[in-house]
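Please read the structure below before turning to the comments.
For clarity, every value in this text was computed on a predicted model and none was experimentally measured.
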Amino acid sequence: MQSIPDQLRAPMIQLLLSIADDKLFLGHSNSNWTGLAPILEADIAFSSLAQDDIAHAGAMYELASNLQNKDADDIAFGRTESEYVCADIATRNDDFNWAAAIARQFYCNHFDYYRLCRLSDATWKPLADLAKRLKSEQAIHVDYVNSWVIH
């Protein structure tokens, strides 16, 4: 793994955790819609979005674990509630209101896409490579949620 300067290690860990935590919480929120979405196609799509988000979180936790010499699962699930650094919107309960879920997805997916676009130009190659890979998957999320907003 390409090294990262010591003075950037802590900020990089915080960045990775914020992305991973957003994705983890969003993925779990989306998984709550399994079997409950308004139409079968949406049910399947939201389940797929949930799987992608949780997988994206896992990839970010893995990068963070390499910088901390800790187990990725311990980082993901071994922290206290106050140690998570995700955006408030990712933790908001949609109360099984489909419009609220779509609105949350719209904002989170667009933000994640633009964040990954910027990170794909990172000078730290492991992050840039991962961001490039996740960006293409995130573009599918954006297209999907855009179709619901238009609908």
Side-chain angles (χ1 to χ4, degrees), residues 1-34 36-37 45-146 148-149:
M1 168 175 280
Q2 178 186 354
S3 65
I4 190 163
D6 288 339
Q7 70 271 22
L8 297 179
R9 187 173 296 273
M12 180 60 73
I13 291 167
Q14 282 302 109
L15 173 66
L16 295 172
L17 291 180
S18 69
I19 297 168
D21 290 349
D22 284 352
K23 293 297 216 169
L24 181 65
F25 278 82
L26 194 59
H28 281 282
S29 293
N30 289 345
S31 72
N32 290 335
W33 280 97
T34 301
L36 301 173
F46 247 57
S47 294
S48 179
L49 294 176
Q51 287 178 318
D52 281 352
D53 282 335
I54 292 169
H56 293 180
M60 290 291 175
Y61 286 130
E62 192 63 39
L63 269 185
S65 76
N66 291 335
L67 290 175
Q68 295 178 304
N69 294 319
K70 291 183 179 179
D71 181 69
D73 286 341
D74 288 342
I75 295 171
F77 304 110
R79 294 178 286 156
T80 64
E81 182 179 341
S82 64
E83 292 175 303
Y84 286 92
V85 289
C86 48
D88 191 44
I89 191 172
T91 65
R92 291 285 172 146
N93 189 345
D94 58 34
D95 295 320
F96 293 103
N97 176 319
W98 185 247
I102 290 297
R104 180 184 58 220
Q105 280 302 117
F106 180 85
Y107 291 112
C108 290
N109 287 340
H110 280 81
F111 180 79
D112 284 341
Y113 177 75
Y114 292 120
R115 176 168 52 184
L116 290 168
C117 285
R118 295 289 303 269
L119 292 174
S120 66
D121 293 328
T123 56
W124 188 43
K125 188 169 174 22
L127 178 57
D129 291 347
L130 179 58
K132 286 174 189 167
R133 183 173 62 84
L134 299 184
K135 178 176 68 170
S136 63
E137 295 175 7
Q138 194 65 38
I140 295 167
H141 294 208
V142 168
D143 288 343
Y144 177 76
V145 76
N146 283 351
W148 266 101
V149 170

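In terms of the side chain to side chain donor-acceptor pair (under 3.5 Å) criterion, residue partners of Arg104 (sequence neighbours excluded) are, by chain and number, Asp94. In terms of the salt bridge (Lys or Arg N to Asp or Glu O under 4.0 Å) criterion, residue partners of Asp88 (sequence neighbours excluded) are, by chain and number, Arg92. In this structure Tyr113 satisfies the ring-ring contact (aromatic ring centres under 6.0 Å, His included) test with no other residue, sequence neighbours excluded. Residues meeting the salt bridge (Lys or Arg N to Asp or Glu O under 4.0 Å) test with Asp52, sequence neighbours left out: none. By the side chain to side chain donor-acceptor pair (under 3.5 Å) test, Thr80 pairs with Ser82, Glu83, sequence neighbours left out. Applying the ring-ring contact (aromatic ring centres under 6.0 Å, His included) test to Phe96 and every residue at least two apart in sequence or in another chain returns Trp33. With sequence neighbours excluded, no residue forms a ring-ring contact (aromatic ring centres under 6.0 Å, His included) with Tyr114. Shown here are the side chain to side chain donor-acceptor pair (under 3.5 Å) partners of Ser47, two or more places apart in sequence or in another chain: Thr34. Residues passing the ring-ring contact (aromatic ring centres under 6.0 Å, His included) test with His28: none are found, sequence neighbours excluded. Considering only residues two or more places apart in sequence or on other chains, Asp53 meets the salt bridge (Lys or Arg N to Asp or Glu O under 4.0 Å) condition with Lys23.
In plain terms, the two heavy atoms of Ala131 and Ser120 that are nearest each other are CB-N, 3.5 Å. When all heavy atoms are compared, the tightest approach of Leu127 to Leu63 is CA-CD1, 4.0 Å. Considering all non-hydrogen atoms of both residues, Thr91 and Cys86 come closest at CG2-SG, 3.4 Å. Of all non-hydrogen atoms in Ala50 and Asn30, the two that sit nearest each other are CB-CB, 3.7 Å. Nearest approach of Asn109 to Leu26, heavy atoms of both residues: OD1-CD2, 4.4 Å. Shortest non-hydrogen contact noted between Ala64 and Ile75 is C-CD1, 4.1 Å.
A distance-only check finds a donor-acceptor pair linking the side chain of Asp71 to the backbone of Asp73 [under 3.5 Å].
Contact check for Asp22 versus Cys108: no side-chain heavy atoms found under the 4.5 Å cut-off.
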Open item on the list: Applying side-chain contact (heavy atoms from CB on, under 4.5 Å) to Phe106 and Trp148, what does each step give before you reach the verdict?
Closed with: CA-CA 9 Å; Phe106 180 85; Trp148 266 101; over 6 Å; no

- [ ] Applying side-chain contact (heavy atoms from CB on, under 4.5 Å), run through Glu62 and Leu130 and close with a yes or a no.
- [x] CA-CA 11 Å; Glu62 192 63 39; Leu130 179 58; over 6 Å; no

Open item on the list: What verdict does the side-chain contact (heavy atoms from CB on, under 4.5 Å) test give for Phe46 and Gln105, after you've listed the backbone C-alpha separation in whole Å, the side-chain angles of each residue and the deciding distance to 0.1 Å?
Closed with: CA-CA 10 Å; Phe46 247 57; Gln105 280 302 117; 3.5 Å; yes

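Going from atom CG of Asp112 over to atom NE2 of His110 covers 11.0 Å, rounded to the nearest 0.5 Å. To the nearest 0.5 Å, atom OG of residue Ser48 and atom CD1 of residue Ile140 are 8.5 Å apart. Atoms CG and CG, from Asp95 and Asn32 in turn, are 11.0 Å apart once rounded to the nearest 0.5 Å. How far CG of Asp121 is from CG of Leu116: 11.5 Å, rounded to the nearest 0.5 Å.
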Under 3.5 Å, side-chain donor or acceptor atoms of residues 8-21 against the rest of the protein: list the pairs with distances, not counting sequence neighbours.
{"unit_1": "Arg9", "atom_1": "NH1", "unit_2": "Leu67", "atom_2": "O", "d": "3.1"}
{"unit_1": "Ser18", "atom_1": "OG", "unit_2": "Gln14", "atom_2": "O", "d": "3.4"}
{"unit_1": "Ser18", "atom_1": "OG", "unit_2": "Leu15", "atom_2": "O", "d": "2.8"}
{"unit_1": "Asp21", "atom_1": "OD1", "unit_2": "Tyr61", "atom_2": "OH", "d": "2.4"}
{"unit_1": "Asp21", "atom_1": "OD1", "unit_2": "Arg79", "atom_2": "NH2", "d": "2.5"}
{"unit_1": "Asp21", "atom_1": "OD2", "unit_2": "Arg79", "atom_2": "NH1", "d": "3.1"}
{"unit_1": "Asp21", "atom_1": "OD2", "unit_2": "Arg79", "atom_2": "NH2", "d": "3.3"}
{"unit_1": "Asp21", "atom_1": "OD2", "unit_2": "Val85", "atom_2": "N", "d": "2.8"}

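Applying the ring pair (Phe, Tyr, Trp, His ring centres under 6.0 Å) test to every pair with at least one member in residues 66-89, sequence neighbours left out, gives these pairs: Phe25-Tyr84.
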